Amino acid sequence: MLDMKLLRDRTEFVRERLATRNAGDEARVSEVLALDESRRAALAEAEQLKARRNSASKEIGGLIGQKRLDEAESKKAEVRALGDRIAELDKTAAQAEESRDSLLLMIPNLPHASVALGKDAADNPEIRVHGLKASFEFTPCNHVELCERLKLIDFARGAKLSGSGFLLYTGWGARLERALINFLLDLHQREHGYTEVAPPYIVGEHCMIGVGQFPKFRDQAYAVQEGLDTSTMGKLYLLPTAEAPVANIHREEILAEKQLPVRYCAYSPCFRAEAGAAGLGTRGMIRVHQFDKVELIKVVHPDQGYEELEKMVHNAETVLQRLGLHYRVINLCTGDMGFAAAKTYDIEVWAPGQGTYLEVSSCSNCEDYQSRRMNLRFKRESDGLNLFPHLLNGSGTALARLFVALVETHQQADGSIRVPEPLQPYLGTDLIPLAS
RNA sequence: GGAGGGGUGGCAGAGUGGUCUAAUGCGGCGGUCUUGAAAACCGCUGUGGGCUGACGCUCACCGGGGGUUCGAAUCCCUCCCCCUCCGCCA
């Protein structure tokens, strides 16, 4: 969430930055400020009275000690009235704080100054392009045809098991998925310096609030309950991304400055309810309720946030380069950015069978927006001050769409699929053959 | 799921209604002594909020929340977490 001090001291700046998102959030600023004002007013008065009560209570203790009981009793009556007023003021302050904070949780991060102004995806500037669109001497198939012909995925039975939007990987398809996961984890762990972690796949509500998924996007998540016990509903959620648990690993901690930067990579399945989303009805793997992903997370010194973001994007690009895939990197404009992000790069891989680019990675610096929400800090050595670090997250990369780009790009005239060399040791073959 | 025991500063650990402004030890930082170091000795050593131009003043926090009281680390209620044993279980 945003820094309350920044909101107070640089109100117009905050309004202007929020306005660049084109979401109307700047309209809530004055309401937050008003609530904060009434909170502080009540608090100041309550604390004055508490100081008086504290000293009076000490006097009462002294009087009782000296056996001056009558005086003690009259003093008690006096202080009792103070207590009632204090309780009132405390309640006022607590209510104002609660309203202020619930509003604050609904206000997105401020876009970084370097982010292009824009309304939607059409305004996203292209940063760079790698490779060329694959060319074929035959008409390339799309991934649905390829997966069915090679029996990589059983779309019908996936739907039979769990409904539309769920995939059943079979045979070489299942092995390819597993090979990709291992390839990605090894790459980031061995070559890029990330510590591998394996998080829980069900997370508490506080983790979802910490990364900014909640409260605004609660309807996008799958909530779980124990059996039919509705009292347990809403405490735990299937993770929409490994960011939810992994970014929260050090929540409520104070890290030593020399521990930074912390870098984690994690595989997890990702569950998205995609409530109200378009396109789920179409067949295939582009938009599904469950997909695999390897996520990258960094906790870094604020001075290094943007340098580390550049490195993270390159780490994700390496995946596509090794797999021989054509892609482009774009910068999300102010109107297209996610809720918690200050700056985001998307990587879109070319899927020749679809004839489109597919988003396989989104790398963001959320600055201190999430670390404030989860109260994650580090102690600066020079002056012992506790500061909020920058939190970065990036996909390294999402698997289902990577799978699509891979099979569509490396399909052969005879219908088989050539396996890129770096993946061969993981899959144990250089060619996924036509199903017998 | 059942029974029991716990949760106090960076760590260990005392405190069961009123100088708790949380003892003591360890660790850490600074100093004295020393050629240097060790030892010894001395001092400092949590977090967040509010008020103030500033020096400062003040409030809250002993797992979370609520209550009793003039006053709560301490008493009561409730939730969470950890440990031991039993049951169930991959």
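Sequence lines set the chain letters: A, B, ... in the order given, protein chains first and strands last, and positions in each chain run from 1. Everything numeric in this text was worked out from a predicted model, so none of it was measured. Quick note: numbers below take in every heavy atom, side chains included, and nothing from hydrogens, waters or symmetry partners.
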Atom CD of Glu252(A) to atom C1' of C81(B): distance rounded to whole Å? 13 Å
Whole angstrom value for the distance that separates C1' of G65(B) from NZ of Lys91(A): 16 Å
Are any non-hydrogen side-chain atoms of Met337(A) and Ser364(A) less than 4.5 angstrom apart? no
Would you classify Ala51(A) as touching base, sugar-phosphate or nothing, given that sugar-phosphate means primed atoms plus P, OP1 and OP2, and contacts are heavy atoms under 4.0 Å? sugar-phosphate
Tell me the closest heavy-atom pair linking Thr334(A) and Thr20(A), and the distance in Å. OG1-O, 2.8 Å
Of the listed nucleotides (G50(B), A60(B), G48(B)), which one gets closest to any side-chain atom of Asn386(A)? G48(B)
Using heavy-atom distances to pick each residue's nearest nucleotide on RNA chain B, tell me which of Ser55(A) and Lys5(A) is more 5'. Lys5(A)
Any side-chain N or O of Arg52(A) below 4.0 angstrom from OP1/OP2 of C59(B)? no
In terms of side-chain heavy atoms of Arg53(A), which of G48(B), G49(B), C70(B) is nearest? C70(B)
Under 4.0 Å, counting only non-hydrogen atoms across every strand here, what does Ile60(A) touch: a base, just sugar-phosphate, or nothing? base
So which atom in Val294(A) and which in Ile181(A) form the shortest heavy-atom distance, rounded to 0.1 Å? CG2-O, 4.3 Å
Classify the nucleic acid contact of Leu82(A) as base, sugar-phosphate or nothing, counting any heavy atom under 4.0 Å across all strands shown. nothing
Between A38(B) and U21(B), how far is it from one P atom to the other, in whole Å? 37 Å
Using OP1 and OP2 only, check whether a side-chain N or O of Arg80(A) sits under 4.0 Å from C70(B). yes
Determine, stepwise, if the pair Tyr264(A) / Glu295(A) fulfils side-chain hydrogen bond (donor to acceptor under 3.5 Å, both in side chains). CA-CA 8 Å; Tyr264(A) 290 123; Glu295(A) 182 76 359; over 6 Å; no
Starting at the 5' end of RNA chain B and moving along, which residue's nearest nucleotide shows up first, Asp36(A) or Ser57(A)? Ser57(A)
Any side-chain N or O of Arg40(A) less than 4.0 Å from the OP1 or OP2 oxygen of G49(B)? no
Both distances under 3.5 Å, Watson-Crick or G-U wobble: report the partner of G17(B), or none. none
Same-atom distance (C1') from G67(B) to G30(B), integer angstrom: 46 Å
C59(B) phosphate, OP1 or OP2, under 4.0 Å from Asn54(A) side-chain N/O: yes
What integer number of Å spans the P atoms of G27(B) and A12(B)? 15 Å
I want to verify a distance call: between C70(B), U47(B), G50(B), whose nearest atom is closest to the Val79(A) side chain? C70(B)
Whole-Å distance, His206(A) NE2 to C79(B) P, equals 19 Å
G50(B), OP1 or OP2 - any side-chain N/O from Arg8(A) closer than 4.0 Å? yes
Name the closest nucleotide to the Arg39(A) side chain, picking from C59(B), C70(B), G49(B). G49(B)
Closest heavy-atom pair, Val300(A) versus Pro261(A), reported as atoms and distance to 0.1 Å, is CG1-CB, 3.8 Å
Pairing check on A72(B): which nucleotide meets the Watson-Crick or G-U wobble criteria with it, both distances under 3.5 Å? none
Nucleotide paired to G25(B) in any strand shown, Watson-Crick or G-U, under 3.5 Å: C11(B)
Whole-angstrom distance between C76(B) and U69(B), as gauged at atom P: 16 Å
Please determine, for the side chain of Lys58(A), which listed nucleotide (G18(B), G48(B), U21(B)) has the closest atom? U21(B)
Within the 4.0 Å heavy-atom criterion, would you say Lys75(A) contacts the bases, only the backbone, or no part of the nucleic acid? nothing
Interatomic distance, Asp90(A) CG vs C59(B) P [rounded to whole Å]: 13 Å
Using the P atoms only, state how far U19(B) lies from C61(B), rounded to an integer number of Å. 15 Å
Between G63(B) and C80(B), how far apart are the C1' atoms? Round to whole Å, please. 8 Å
In whole angstroms, the gap separating P of G10(B) from CD of Gln259(A) amounts to 15 Å
Measure CD/Glu253(A) against P/G10(B) and give the value in whole Å, please. 13 Å
Counterpart base for U47(B), defined by Watson-Crick or G-U wobble contacts under 3.5 Å: A60(B)
If only side-chain N and O atoms of Lys379(A) are considered, is one of them under 4.0 Å from the OP1 or OP2 phosphate oxygen of U47(B)? yes
Between Phe378(A) and His301(A), is the ring centre distance below 6.0 Å? yes
Exactly one of Tyr201(A), Phe271(A), Phe214(A) should register a ring-ring contact (aromatic ring centres under 6.0 Å, His included) with Tyr237(A). Which one does? Phe214(A)
Does Cys147(A) reach the side chain of Met285(A), with side-chain heavy atoms less than 4.5 Å apart? yes
Taking the P atom of each, how far is G28(B) from C11(B), in whole Å? 15 Å
Under a 3.5 Å limit for both distances, which nucleotide forms a Watson-Crick or G-U wobble pair with A40(B), could you say? U32(B)
Integer-rounded Å distance: G10(B) P and Ile254(A) CD1: 8 Å
Please state the P separation for the pair A23(B) and A73(B) - nearest whole angstrom. 14 Å
If I take atom CZ in residue Arg377(A) and atom P in nucleotide G49(B), what distance separates them, rounded to the nearest angstrom? 9 Å
